[in-house]
Amino acid sequence: MRKKIVAGNWKMNKLQADAKSLASEVVNMAGAEVSSDVKLILCTPAIHLDAVNKLAESSAVSVGAQNCHSKESGAYTGEISASMLADLGIGYVILGHSERREYFHETNAELTEKVNISLKNGITPLFCCGETLPQREKGIHFDFVKQQLTESLFHLSEEDFKKVVIAYEPIWAIGTGVTASSAQAQEMHKEIRNHLASKYGQSVADSISILYGGSCKPDNAQELFACPDVDGGLIGGASLKSRDFIDIAKSF
Ligand code: PEP
């Protein structure tokens, strides 16, 4: 049975007081309303990680970062290491989000290092992949996404690979209000799972949670999560409202 996961990516939003209120609301509502077989993760700005982690401490809600540096420590002004996250008790990190690939020029090779250092520190990568609209229109979207996965993940041992969560986020659907149809999501998720199986075998591929991200909201989550290869969502905008985030988590 694969883990069902709904992760919120708060991006660069919320000042301290609002971050704490949102986290408390999610923690309280999750305890009362969300089935215990759905894992909720709040990926907050780094500056709020410790406070949110303390608020979530005695709940089933986990906390994740949105990035980490590829090196263990050193002269990298402004950066945060995986070991610093682990030291705070943070269990997850989003890696390879398309915004980081675009604005911070993260490459598949650099992401390989980030994946390695996260796993070494006991942190689960939520590894993002996804194509642009022109790539989809040219019909190269499957190959592009498979290449992202091959180049950043396929060096892992089976034991390490099984710890990774994948998020398919078509870039044209992120923050645009345009959602991939459930047929498009299922088609890509199935293609991803087949690709994982070609490297690690079917039973490993069947154990990996593959989340959908891109304008997922309470009114479309149910249809997306009903797809056999969609195991949950990585939620941007809708994770900033506790009611919406919890309603998405109740959509399985
Ligand atoms: C995201 O950025 O990970 C995302 C899915 O954003 P949104 O839900 O706002 O499209």
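As the structure lists them, so they are numbered: ligands from 1, and atoms in each ligand from 1.
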### Message
Tell me the contacting part of Asn9 for ligand 1: side chain, backbone, both, or neither, using a 4.0 Å heavy-atom threshold, strictly below.
### Response
side chain
### Query
Just which atoms of ligand 1 are under 4.0 Å from any heavy atom in Gly175?
7 (P), 9 (O), 10 (O)
### Query
Without hydrogens or angle criteria, can the side chains of Asp229 and Gln186 be said to hold a donor-acceptor pair below 3.5 Å?
yes
### Query
In terms of ring plane angle, is the pair His189 and Tyr212 parallel, tilted or perpendicular, where the classes change at 30° and 60°?
tilted
### Task
Kindly indicate, with the supporting measurements, whether the criterion salt bridge (Lys or Arg N to Asp or Glu O under 4.0 Å) is fulfilled by Lys3 and Asp231.
CA-CA 7 Å; Lys3 258 192 226 144; Asp231 306 307; over 6 Å; no
### Message
Measuring from non-hydrogen atoms of Lys217 to any atom of ligand 1, is the shortest distance under 4.0 Å?
### Response
no
### Message
I need the nearest protein heavy-atom contact for atom 1 (C) of ligand 1: residue, atom name and distance, please.
### Response
His97 NE2, 3.2 Å
#### Entry: Atoms in ligand 1 flagged as close to Gly214, the criterion being non-hydrogen separation under 4.0 Å
5 (C), 10 (O)
#### Entry: All pairs passing salt bridge (charged side-chain N to carboxylate O under 4.0 Å, His left out) where residues 11-29 contributes a residue, at least two apart
Lys11-Glu99
### Query
Quick one: does Ala173 get a heavy atom under 4.0 Å from ligand 1?
yes
### Message
Looking only at protein heavy atoms, which one is nearest to atom 3 (O) of ligand 1, and what is the separation?
### Response
Glu169 OE2, 2.7 Å
### Query
Is there a heavy atom of Ala238 sitting under 4.0 angstrom from any atom of ligand 1?
no
### Task
Classify the side-chain pair Glu151/Thr112 by whether it contains a donor and acceptor separated by less than 3.5 Å.
no
### Query
Who are the salt bridge (charged side-chain N to carboxylate O under 4.0 Å, His left out) partners of Lys146, not counting sequence neighbours?
Glu191
### Query
Same cluster for Phe142 and Leu153 if Ile/Leu/Val/Met/Phe/Trp/Tyr side chains link at under 4.5 Å?
yes
### Query
Between the side chains of Glu110 and Thr107, is a donor N or O closer than 3.5 angstrom to an acceptor N or O?
no
### Query
Which protein non-hydrogen atom lies closest to atom 4 (C) of ligand 1, naming both residue and atom, and how far is it?
Gly236 N, 3.6 Å
### Query
So, is Ile235 polar-close to ligand 1, with some N/O to N/O distance under 3.5 Å?
no
### Query
What is the nearest protein non-hydrogen atom to atom 9 (O) of ligand 1, stated with its residue, atom name and distance?
Gly237 N, 2.8 Å
### Task
Give the atoms of ligand 1, by number and element, whose distance to some non-hydrogen atom of Ile174 is under 4.0 Å.
1 (C), 2 (O), 4 (C), 6 (O), 10 (O)
#### Entry: N or O pair under 3.5 Å between Leu234 and ligand 1
no
### Task
May I ask you to identify the nearest protein heavy atom to atom 2 (O) of ligand 1, giving residue, atom name and distance to one decimal place in Å?
Lys11 NZ, 2.5 Å
### Output field: ring centroids Phe154/His195 closer than 6.0 Å
yes
